[in-house]
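Being a predicted model, the structure only gives us computed values, none of them experimental.
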Amino acid sequence: MSVQTTPAAAPAARRIAAQASFEARAILRNGEQLLVTIVLPVLVLVGLVQTSFVDLDTQGYTRVDFVTPGVLALAVMSTAFTSQAIATAFDRRNGVLRLLATTPLGRTGLLAGKVLGVLAVEVVQVIVIAGTALALGWRPDLGALPAAVGAGLLGTAAFTALALLLAGTLRAEGVLAVANLVLVLLTLGGGVLLPAAQLAGPLAHVAVLLPSGALGEAMRGALLHGSVPAFSVVILLGWTAALGAGAARLFRWH
């Protein structure tokens, strides 16, 4: 007499890795998200380096050395915030989040998979953007790379928390509009591409307190000076804690 056994669930690490792979492929296969995550930062990099329509105070650095850190910060924002917010919001609307939360993956595994998926896409972004910058003459100090990685992780944490807060509280169509609008506003006046001190009027004082400004300063500090400013670390950690607490309390799975 044969005994039938119920197949056991895959180990947690394998489930999370599979979900992370799915999340990354979903972003990279989506034409609109690919435009935001890869094409837009590359176009911004080439435009700011190869043209002079924006007058930059490069503080003695070459244009490509000065601009590249901010473009990498923009790439983090586009993936950790905009792409993640939109994808999660539509998964929530379509019932995908509720369904996956009841599987062996669970809510914790789902969130971990999303974060790892974001990091995987960011690796692709860095390869493409850094390759473009190198072709334009960028020569980074390799010793500054660990600090840049740390800055990127801090920014990823803050903007992923913001993405989950929006995606878990607003309608999907609203998230689509708000996430893209916020990305545009932060790109133009949030201190990510240019130091907050170079922005006009009140923006110079406000941007430094925003997660975008803190991420931009952190990335510039890492790649231009070899260290991340302590003030930027505090700002990013503060935003991560506040936004994370808000998302944990207000996020709705359906």
Side-chain angles (χ1 to χ4, degrees), residues 12-13 15-17 19-20 22-24 26-27 33 36-37 73 76-122 150-187 190-192 206-216 218 231-254:
R15 298 196 299 266
I16 293 172
Q19 183 64 28
F22 171 80
E23 297 284 347
I27 293 175
Q33 296 307 314
V36 173
T37 57
V76 170
M77 286 171 45
S78 67
T79 299
F81 171 54
T82 310
S83 294
Q84 188 59 250
I86 294 171
T88 304
F90 278 92
D91 282 347
R92 172 172 163 255
R93 187 192 70 174
N94 295 332
V96 175
L97 292 186
R98 181 173 55 182
L99 176 63
L100 289 177
T102 62
T103 68
L105 180 66
R107 294 184 177 185
T108 301
L110 176 59
L111 293 177
K114 284 184 171 295
V115 171
L116 291 177
V118 165
L119 293 176
V121 174
E122 287 178 357
L153 291 175
L154 286 172
T156 298
F159 280 101
T160 298
L162 176 57
L164 294 177
L165 178 60
L166 285 181
T169 54
L170 301 180
R171 293 172 60 90
E173 294 77 9
V175 172
L176 179 62
V178 171
N180 282 310
L181 177 60
V182 169
L183 179 66
V184 171
L185 293 177
L186 292 181
T187 300
V192 60
V206 174
V208 72
L209 299 175
L210 298 175
S212 56
L215 176 57
F231 183 74
S232 298
V233 173
V234 172
I235 293 296
L236 287 171
L237 289 176
W239 277 106
T240 300
L243 295 170
R249 181 175 181 180
L250 301 175
F251 193 94
R252 299 192 301 270
W253 291 84
H254 55 80

Task: Gap separating the CZ atom of Phe90 from the CZ atom of Arg171, nearest 0.5 angstrom - done: 10.0 Å
Task: Residue pair Ala179 / Ile86: nearest heavy atoms and the distance that separates them - done: CB-CG1, 4.2 Å
- [ ] First locate atom CG of Leu186, then atom OG of Ser78, and finally report the distance between them rounded to the nearest 0.5 Å.
- [x] 12.0 Å
Task: Spacing of Leu119 atom CG and Leu153 atom CG [to the nearest 0.5 Å] - done: 6.5 Å
Open item on the list: For the backbone of Leu170 and the side chain of Arg92, can you confirm whether one donor and one acceptor N or O come within less than 3.5 Å of each other?
Closed with: yes
Task: Intermediate values then yes/no, side-chain hydrogen bond (donor to acceptor under 3.5 Å, both in side chains), Glu122 and Thr79 - done: CA-CA 7 Å; Glu122 287 178 357; Thr79 299; 5.5 Å; no
- [ ] For residues Leu243 and Ala161, report the shortest heavy-atom separation together with the two atoms involved.
- [x] CB-CB, 3.7 Å
Open item on the list: So, using side-chain contact (heavy atoms from CB on, under 4.5 Å) as the criterion, who are the partners of Thr88 when residues are at least two apart?
Closed with: Gln84, Leu97, Lys114, Leu164, Ala167, Phe251
- [ ] Could you tell me which non-hydrogen atom of Leu110 sits nearest to which non-hydrogen atom of Gln19, and how far apart they are?
- [x] CD1-NE2, 3.6 Å
Listing, residues 235-242 side-chain donor-acceptor contacts under 3.5 Å, not counting sequence neighbours, or none:
residue : atom : partner : partner atom : Å
Trp239  : NE1  : Leu209  : O            : 2.8
Thr240  : OG1  : Ala158  : N            : 3.3
Thr240  : OG1  : Leu236  : O            : 2.8

TODO: Sequence neighbours left out, what passes salt bridge (Lys or Arg N to Asp or Glu O under 4.0 Å) with Arg107? Give chain and number order.
DONE: none
Task: Pairwise distance OG1(Thr82) to CE(Met77) - rounded to 0.5 angstrom - done: 6.5 Å
Open item on the list: Using every non-hydrogen atom in the two residues, find where Val118 and Ala80 come nearest and quote the distance to one decimal.
Closed with: CG1-CA, 3.8 Å
Task: Residue pair Ser212 / Gly190: nearest heavy atoms and the distance that separates them - done: OG-O, 2.7 Å
Task: Intermediate values then yes/no, side-chain contact (heavy atoms from CB on, under 4.5 Å), Leu215 and Leu154 - done: CA-CA 8 Å; Leu215 176 57; Leu154 286 172; over 6 Å; no
Open item on the list: My understanding is that only residues two or more places apart in sequence, or in another chain, count here; which of them pass side-chain contact (heavy atoms from CB on, under 4.5 Å) with Leu181?
Closed with: Leu185
Open item on the list: Please find the pair of heavy atoms, one from Gly117 and one from Glu23, that lie closest to each other, and give the distance.
Closed with: CA-CB, 4.2 Å
Task: Spatial distance of atom OG1 (Thr160) from atom CZ (Phe81) [nearest 0.5 Å] - done: 10.5 Å
TODO: Would you please name every residue forming a side-chain contact (heavy atoms from CB on, under 4.5 Å) with Val96, sequence neighbours left out?
DONE: Asp91, Asn94, Leu100
Task: Ala207: side-chain contact (heavy atoms from CB on, under 4.5 Å) partners, not counting sequence neighbours - done: Ala196, Leu199
